[in-house]
Amino acid sequence: MKNIYKNIIVGFSFLALLTSCETELDLSNPTALSLEELLQTDDGFVALSNGILDAYQKVPANEFYLTELRSDNVRANSENGNFPLISSYNVDPNNGDVATYYSNNMHTIKHANTIIDNRFLAPESQQYTVGEAYFMRALCHFNLVRAYQNVPYIDKVLDVTKNEALDYPQLPEAEVYEKIIEDFKTSIAYLDGATVDRYRPSKGAAICLAAKAYLSQPSPNYGEAELLLASVVENSASYNYNLLFTERSNARQFEFNADPADPTNDLLTDDEYNANLVIDYGNIFGNEISDGYTDGVLDGSWSNNPGLEINNEVIFSIAYDLVSSDNYVTSDSGLDDQVETDSESHSFAMTLQGPSNGVNIATLEFLEVIKPEEQPVRFYASIDALSYNPADITNDTFNAKFPTDGEIGDNDWIVLRYADVLLLYAEAILAGGDSTTDTRALAAFNQVRSRAGLDEEAILTKQALLDERQVEFVYENQRLYDLIRFNEADNVLGTFSTNNSLNYTSGKKYLPFPQREIDNLPNFYKQNNGY
């Protein structure tokens with residue numbers, strides 16, 4: 001890979017000119033326009049902003065390896081070299097996935113800074129693109145600070161010939177969060193009134209991610225997070241945000257169940273209703289299940305349906321579209337690729353083809369908390385039920401959230417959805433305490449539980465909230481960061497490591513700072529503790 005700081009200054013000699021429509025981003029049309037020419041065209045800033053989203057396509061490609069695979073949700077088998085090392089907390093500073101994840105976020109930041117550096121040239125009709133740039137710059141730094149902890153905050157396109165990289169040292173974690181929150185707040189102002197497209201940054205997404213940053217910083221600001229999240233949750237209708245949820249009165253009946261009092265009347269059973277909720281949960285990710293209902297359980301198979309991927313639960317996602325190409329997006333696609341194409345390989349690590357590379361195997365610990373009898377909705381929409389065998393402790397059980405068949409896939413990657421917002425709102429109100437009976441927190445928390453077919457709770461505890469997040473967001477790269485944010489990483493992962501003969505230590509909750517970056521600027525960057 002090239003020196004990241006050399007990549008930061010690479011001009012937009014050939015930028016992908018991308019167009020937006022209601023359903024997908026079209027990533028198919030390269031141009032030979034220079035940056036100067038683009039800035040003078042009618043839609044130059046739109047092309048530049050689309051280039052940011054194009055660059056970000058590579059970021060999810062290996063994020064799963066570095067986040068979910070280092071949690072207690074997922075394990076790797078013992079036959080795939082690099083992956084078991086990551087899973088067992090033996091990742092090395094020279095690891096390629098560690099380096100490319102850093103580079104891909106920095107590459108996207110460079111694209112965002114190109115717009116921000118030239119923001120005063122943006123016409124009035126394209127001011128929203130400046131907001132998108134601030135949003136994506138904040139999001140990428142949010143990825144980096146959570147993964148590597150102390151990172152530089154790059155706020156301009158750097159000129160390596162002037163040694164400008166030396167002006168950007170690693171910052172304390174708290175300072176990085178201050179800048180992230182400032183960028184998200186700036187994006188809110190620019191995006192106010194912009195047309196909402198769930199494949200593009202929006203005001204609502206910026207508000208919610210700013211709140212998540214407030215909750216994630218070393219000293220959480222629960223009050224500010226609560227205010228921001230309340231502005232969305234209490235006005236969710238105006239944002240068109242809601243959970244995908246079927247009321248019992250509208251539920252589909254799969255088989256005839258006679259009412260004892262009136263044999264001609266068909267009763268809706270709890271199992272049938274849960275089947276409706278399973279379908280709802282799968283639809284969030286654009287998945288539909290084939291017909292089949294036997295002995296109270298859906299027994300069909302999941303497949304991706306792009307028509308379902310735009311829904312009111314998804315607040316911001318990265319669009320992919322299945323295409324026949326050998327140049328699909330991977331984490332190590334060249335940083336100077338002109339068009340990343342519409343398809344991706346991120347789901348290959350997380351699909352029903354998991355046995356071929358074995359990195360999405362549910363841990364026994366996770367299978368204990370998502371048993372079908374305890375989590376009837378989320379079990380069947382998250383776990384490949386066909387591979388689940390509780391009688392065989394060595395059985396490999398895989399993920400069903402990303403059912404794309406093959407290495408080139410079209411499952412969109414959801415960055416933020418409304419269930420996350422509701423649980424973050426409850427977390428902000430809980431404010432680091434052990435429990436609360438606040439009706440607002442309970443209402444938000446119980447919405448998510450109800451959609452999962454579970455009984456409502458009268459008291460919200462910190463542990464219950466963390467447990468709920470684990471099963472709601474499994475395979476969505478949230479568990480590790482949840483444990484860190486709740487100050488439970490050492491406790492949970494330490495116990496998990498001991499029970500499974502792994503090598504977790506407190507310092508390894510974060511990734512090593514890439515050795516390549518340390519070597520590029522000798523005696524400037526320091527390695528993280530534990531490596």
Side-chain angles (χ1 to χ4, degrees), residues 23 242-257 266 268-314 317 320-322 346-355 360-362 366-367 370-390 395-406 408-414 417-419 448-454 471-476:
T23 58
N242 58 264
L243 299 183
L244 294 193
F245 177 66
T246 299
E247 296 288 350
R248 196 175 183 99
S249 58
N250 296 323
R252 172 186 171 188
Q253 293 177 272
F254 296 90
E255 57 189 13
F256 188 83
N257 298 283
D266 186 4
L268 178 73
T269 66
D270 288 343
D271 286 341
E272 284 181 307
Y273 184 53
N274 283 335
N276 281 265
L277 299 180
V278 170
I279 292 170
D280 290 340
Y281 193 75
N283 288 169
I284 300 167
F285 311 98
N287 300 331
E288 62 183 356
I289 196 164
S290 58
D291 288 338
Y293 182 85
T294 307
D295 297 329
V297 175
L298 287 165
D299 56 6
S301 59
W302 292 102
S303 61
N304 177 253
N305 179 348
L308 298 173
E309 291 186 314
I310 295 181
N311 58 73
N312 286 350
E313 183 157 343
V314 174
S317 65
Y320 297 100
D321 187 26
L322 184 62
H346 83 260
S347 61
F348 184 55
M350 298 142 58
T351 64
L352 297 182
Q353 290 206 348
N360 67 11
I361 304 169
F366 181 69
L367 292 176
I370 199 170
K371 296 175 182 177
E373 63 271 18
E374 296 178 7
Q375 293 281 343
V377 171
R378 287 184 289 215
F379 176 90
Y380 288 103
S382 300
I383 291 292
D384 175 19
L386 297 178
S387 69
Y388 175 70
N389 182 2
N395 187 65
D396 290 349
T397 302
F398 297 93
N399 143 26
K401 277 189 174 177
F402 302 94
T404 300
D405 184 22
I408 302 175
D410 60 345
N411 276 111
D412 293 341
W413 180 254
I414 299 173
R417 59 186 177 93
Y418 190 56
V448 179
R449 282 186 64 83
S450 294
R451 198 264 300 282
L454 303 174
V471 290
E472 177 69 21
F473 302 115
V474 65
Y475 300 116
E476 295 179 57

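Here the structure is a predicted model, which means the values were calculated and not measured.
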>> Let's go through Leu298 and Tyr380 carefully: what are the C-alpha distance in whole Å and the side-chain angles of both, what is the deciding distance for side-chain contact (heavy atoms from CB on, under 4.5 Å) to 0.1 Å, and is it a yes or a no?
In response: CA-CA 8 Å; Leu298 287 165; Tyr380 288 103; 5.9 Å; no

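- Ring geometry for Trp413 versus Phe402: interplanar angle under 30°, hence parallel rather than tilted (30 to 60°).
- Not one N or O on the side chain of Asn242 forms a donor-acceptor pair closer than 3.5 Å with the backbone of Asn312.
- Taking the side chain as every heavy atom from C-beta outward, Phe366 and Thr397 never approach each other to under 4.5 Å.
- Across Ser290 and Gly300, no two heavy atoms sit closer than the pair OG-CA, 3.3 Å.
- With respect to the salt-bridge test (charged N to carboxylate O, under 4.0 angstrom), the residues Glu472 and Arg417 qualify.
- Side-chain atoms of Leu367 and Tyr388, non-hydrogen and from C-beta on, do get closer than 4.5 Å to each other.
- Ring-plane geometry between Phe245 and Tyr273 is classed as perpendicular, the angle between the planes exceeding 60 degrees on a 0 to 90 degree scale with a lower cut at 30.
- Arg252 and Glu272 are not joined by a salt bridge, as no carboxylate oxygen comes within less than 4.0 angstrom of a charged side-chain nitrogen.
- Side-chain atoms of Thr246 never come within 3.5 Å of backbone atoms of Asn276 as a donor-acceptor pair (strictly under, hydrogens ignored).
- Contacts of Asp396 classified as salt bridge (Lys or Arg N to Asp or Glu O under 4.0 Å), with partners at least two apart in sequence or in another chain: Arg75.
- A 4.5 Å side-chain heavy-atom check between Gln253 and Tyr293 finds every atom pair outside the cut-off.
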>> side-chain contact (heavy atoms from CB on, under 4.5 Å), that's the test. Do Glu309 and Asn304 meet it? Break it down for me.
In response: CA-CA 9 Å; Glu309 291 186 314; Asn304 177 253; 3.0 Å; yes

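- Looking at Asp412, its side chain does come within 3.5 Å of a backbone N or O of Tyr320 through a donor-acceptor pair.
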>> Pair Asp299, Thr294 - check side chain to side chain donor-acceptor pair (under 3.5 Å), show working.
In response: CA-CA 7 Å; Asp299 56 6; Thr294 307; 2.5 Å; yes

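- The minimum heavy-atom distance linking Gly282 with Ala381 is given by the pair N-CB, 4.2 Å.
- Panel note: side chain Asp280, backbone Asn283; no donor-acceptor pair is recorded below 3.5 Å.
- No donor-acceptor pair under 3.5 Å is formed between the side chain of Asn274 and the backbone N or O of Pro376.
- Expressed to the nearest 0.5 Å, how far CD1 of Ile361 lies from OG of Ser387 amounts to 9.5 Å.
- Taken to the nearest 0.5 Å, the OG atom of Ser382 stands 11.0 Å off from the CZ atom of Phe473.
- With a 4.5 Å cut-off on side-chain heavy atoms, Tyr281 and Arg451 count as touching.
- The closest side-chain heavy-atom distance from Asn257 to Glu255 is below 4.5 Å.
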>> Evaluate Tyr475 against Ile383 for side-chain contact (heavy atoms from CB on, under 4.5 Å), listing each step before the verdict.
In response: CA-CA 10 Å; Tyr475 300 116; Ile383 291 292; 3.8 Å; yes

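- Here the side chain of Glu313 pairs a donor or acceptor atom with the backbone of Leu244 at under 3.5 angstrom.
- Looking only at side-chain heavy atoms (C-beta outward), Ile289 and Ile279 come within less than 4.5 Å of each other.
- Residues Asn287 and Leu308 are not in side-chain contact: their nearest non-hydrogen atoms beyond the backbone lie 4.5 Å or more apart.
- Atom-to-atom distance recorded for Leu277:CG and Leu243:CG is 11.0 Å, nearest 0.5 angstrom.
- A salt bridge does not link Asp384 to Lys401: none of the charged nitrogens lies less than 4.0 Å from a carboxylate oxygen.
- For the pair Phe285/Ile414, a side-chain contact is recorded, criterion being any heavy-atom separation below 4.5 Å from C-beta on.
- A distance-only check finds a donor-acceptor pair linking the side chain of Arg248 to the backbone of Leu268 [under 3.5 Å].
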